[in-house]
Enquirer: 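Okay, handing you the structure first.
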Number of protein chains: 2
Amino acid sequence: METRERIMVEALDLFAERGYGETSLREIAERIGITKAAVYYHFKTKDDILNGLLDSMGQQIDAIIEWGNDQPRTPETRLEVVRRYAAKIREGAKVMRFLHENQTALRHIDAGARFRERMGRLHVLLIGETPDLAERLRALAAILTMHAGWMLREEHASSDKEMSDAILELASKLVTDKI
Amino acid sequence: METRERIMVEALDLFAERGYGETSLREIAERIGITKAAVYYHFKTKDDILNGLLDSMGQQIDAIIEWGNDQPRTPETRLEVVRRYAAKIREGAKVMRFLHENQTALRHIDAGARFRERMGRLHVLLIGETPDLAERLRALAAILTMHAGWMLREEHASSDKEMSDAILELASKLVTDKI
DNA sequence: GTCTATATAAAGATAGAC
DNA sequence: GTCTATCTTTATATAGAC
């Protein structure tokens, strides 16, 4: 694996495990067996590593949102958005868990702020034309469930598929008024 | 207000706004107009401030859990636990938001680890005797909704009561199988 | 109870050798 | 592409004066 990629892998691991602000470039470098200076060759700043990390996932989420924006605002559309979003999360579970559990630290970083905007647009996609507060709250609950539901995977689910199905079922009910 | 209390107020504000690891004692001291050394007079370490901050809320949550443990494991008990928990969160919304949005940073701090254990015990209280994965997930969704639901307060709710009612209603449905 | 002064360690970042 | 060496800033924390 190339160094740049290894930095991103180990950085995500440390960011998710210890927190963004609590992780130093020294730790990242040590894990790989290179020096801090070598990290700076591949990334201009620490924030830049985070940017790289969130870039791919961000683009994929944007694609879902774009697709949703072109569809009629029906429960069926909301369902399909949930399906696509849940599938993406399943692929990038670690990134999403990191984003979910480090909101405060990310608020003042460009990449984090962009993620928050994205979540806002996703939220809008998951509500009807004239939503009441209850509907907005259900949409939020659906997003939170998709983000954090995988917490239960190890202890309470026997397979990824079982976990994924359970998450998708609950999120779907939440955005289609079946509650 | 006494200095010790002012430190806790400003610390919570900064921790919630910028993150725990991203907040320095210097910043806390500056906000109050005292020096770092003065902060060290009132608290032995930075973690100690956090401990003080979570102590009161932690005890109150423990009381709810204790009460719940003495009750039969019925949907009615779950409902009452949700009611009591939602009410506590409403009082200490800022602390709870901080806890919810800084999970990673708190994982390796005593006070934070204790909070996570508490959440585990609360989770158990909100499920039946032989829960399936779907039920566990609904209980998790209920907790997440209570923790993060207040995010919608400013933009989408006209009053604290309206917000509180909406959160309580959704959380109640989630733990009583009405979904 | 709050201060000055300082110790000590570690952070992010850069310059330039190899 | 990775290193050594170094800069600058900031962090947590302590000792001791007032």
Side-chain angles (χ1 to χ4, degrees), chain A residues 1-55 98-99 101-102 104-115, chain B residues 1-55 98 101-102 104-114:
Chain A
M1 209 191 306
E2 274 161 31
T3 304
R4 187 189 155 88
E5 202 181 335
R6 291 177 64 205
I7 292 171
M8 287 175 67
V9 169
E10 295 299 333
L12 175 57
D13 217 56
L14 282 164
F15 291 166
E17 171 62 23
R18 306 173 28 79
Y20 182 74
E22 287 78 4
T23 302
S24 68
L25 299 184
R26 181 186 50 78
E27 286 174 296
I28 297 171
E30 269 175 10
R31 271 223 193 174
I32 305 175
I34 61 177
T35 62
K36 256 198 308 182
V39 175
Y40 275 101
Y41 172 78
H42 293 280
F43 295 92
K44 237 179 52 148
T45 63
K46 186 182 175 185
D47 287 7
D48 205 37
I49 302 178
L50 188 64
N51 266 302
L53 234 33
L54 304 189
D55 210 40
F98 164 62
L99 286 165
E101 293 184 351
N102 288 273
T104 303
L106 296 176
R107 198 172 301 151
H108 300 279
I109 297 166
D110 276 0
R114 263 181 279 128
F115 173 72
Chain B
M1 209 189 307
E2 274 161 32
T3 304
R4 188 190 154 88
E5 203 182 333
R6 291 177 64 203
I7 292 171
M8 288 175 68
V9 169
E10 295 300 330
L12 174 57
D13 218 56
L14 282 163
F15 291 167
E17 170 63 20
R18 305 174 30 80
Y20 182 74
E22 286 78 4
T23 301
S24 68
L25 298 184
R26 181 185 51 76
E27 287 173 296
I28 297 170
E30 268 175 11
R31 272 224 191 172
I32 305 175
I34 61 177
T35 62
K36 259 197 306 184
V39 175
Y40 275 102
Y41 171 78
H42 293 281
F43 295 92
K44 238 179 51 151
T45 64
K46 186 183 175 184
D47 286 8
D48 204 36
I49 302 178
L50 188 64
N51 266 302
L53 234 34
L54 304 189
D55 209 41
F98 165 62
E101 294 185 350
N102 288 274
T104 303
L106 296 176
R107 199 173 301 151
H108 300 280
I109 297 167
D110 275 0
R114 265 181 277 129

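What you see is a predicted model; the values in this text were computed from it and never measured. Note on naming: letters A, B, ... go to the chains in the order of the sequence lines (proteins, then strands), and numbering restarts at 1 for each one.
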Enquirer: B:Y41 OH to C:dT4 P: how many Å, rounded?
Expert: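 So the OH-P distance, B:Y41 to C:dT4, works out to 17 Å.
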
Enquirer: Measure the CG-CD1 distance between B:D13 and B:I28 for me, rounded to the nearest 0.5 Å.
Expert: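 Rounded to the nearest 0.5 Å, the CG-CD1 separation comes to 10.5 Å.
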
Enquirer: Would you say A:E22's side chain and B:A105's backbone share a donor-acceptor pair under 3.5 angstrom?
Expert: no

Enquirer: Picking from D:dG1, D:dC3, D:dT12, which would you name as closest to the side chain of A:I34?
Expert: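 The listed nucleotide nearest to A:I34's side chain is D:dC3.
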
Enquirer: B:K44 NZ to D:dA15 P: how many Å, rounded?
Expert: 13 Å

Enquirer: Taking for each residue the nucleotide of DNA chain C with the nearest heavy atom, is it B:H42 or A:K46 whose nucleotide lies nearer the 5' end?
Expert: B:H42

Enquirer: A side-chain contact here means heavy atoms from C-beta on lying under 4.5 Å apart; do A:R114 and A:N51 qualify?
Expert: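 The answer is yes, as the side chains (C-beta and beyond) meet within the 4.5 Å cut-off.
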
Enquirer: Report the nucleotide, chosen from D:dT12, C:dG12, C:dC3, that has the shortest atom-to-atom distance to any side-chain atom of B:L25.
Expert: D:dT12

Enquirer: Where do N or O atoms of nucleotides 15-18 of chain C meet protein N or O atoms at under 3.5 Å, pair by pair?
Expert:
none

Enquirer: Whole Å only: how far is the CZ atom of B:F43 from the P atom of D:dT12?
Expert: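 Rounded to whole Å, this separation is 15 Å.
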
Enquirer: Taking only the side-chain nitrogens and oxygens of B:T3, find out if one of them lies under 4.0 Å from OP1 or OP2 of C:dT2.
Expert: yes

Enquirer: Mind calculating the distance between CD (B:E27) and C1' (D:dT9) to the nearest angstrom?
Expert: 13 Å

Enquirer: Return yes if a side-chain donor-acceptor contact under 3.5 Å exists between A:Y20 and A:D47, otherwise no.
Expert: yes

Enquirer: Figure out the CD/P separation between A:E22 and D:dA11, and round it to whole Å.
Expert: 14 Å

Enquirer: Could you go over nucleotides 7-10 of chain C and give all protein N or O partners under 3.5 Å, atom names and distances?
Expert:
none

Enquirer: Any carboxylate oxygen within less than 4.0 angstrom of a Lys/Arg side-chain nitrogen, looking at B:R31 and B:E27?
Expert: no

Enquirer: Write down the distance between CD (B:E30) and P (C:dT2), rounded to a whole number of angstrom.
Expert: 17 Å

Enquirer: Considering all heavy atoms of both residues, which atom of A:A29 and which atom of A:K36 are nearest to each other, and what is their separation?
Expert: CB-N, 3.7 Å

Enquirer: In whole angstrom, what separates A:Y40's OH from C:dA11's P?
Expert: 11 Å

Enquirer: With distance as the sole test, does A:H42 use its side chain to make a donor-acceptor pair with the main-chain N or O of A:I49 at under 3.5 Å?
Expert: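 No, A:H42 side chain to A:I49 backbone: no donor-acceptor pair under 3.5 Å.
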
Enquirer: Is there side-chain contact between B:I34 and B:I7, with heavy atoms separated by less than 4.5 Å?
Expert: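 Answer yes - side chains close enough.
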
Enquirer: Quickly work out the A:I49 CD1 to C:dG12 C1' distance and round it to whole Å.
Expert: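 It works out to 11 Å between those atoms.
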
Enquirer: Do any N or O atoms from the side chain of A:K46 and from the backbone of A:T23 form a donor-acceptor pair under 3.5 angstrom?
Expert: yes

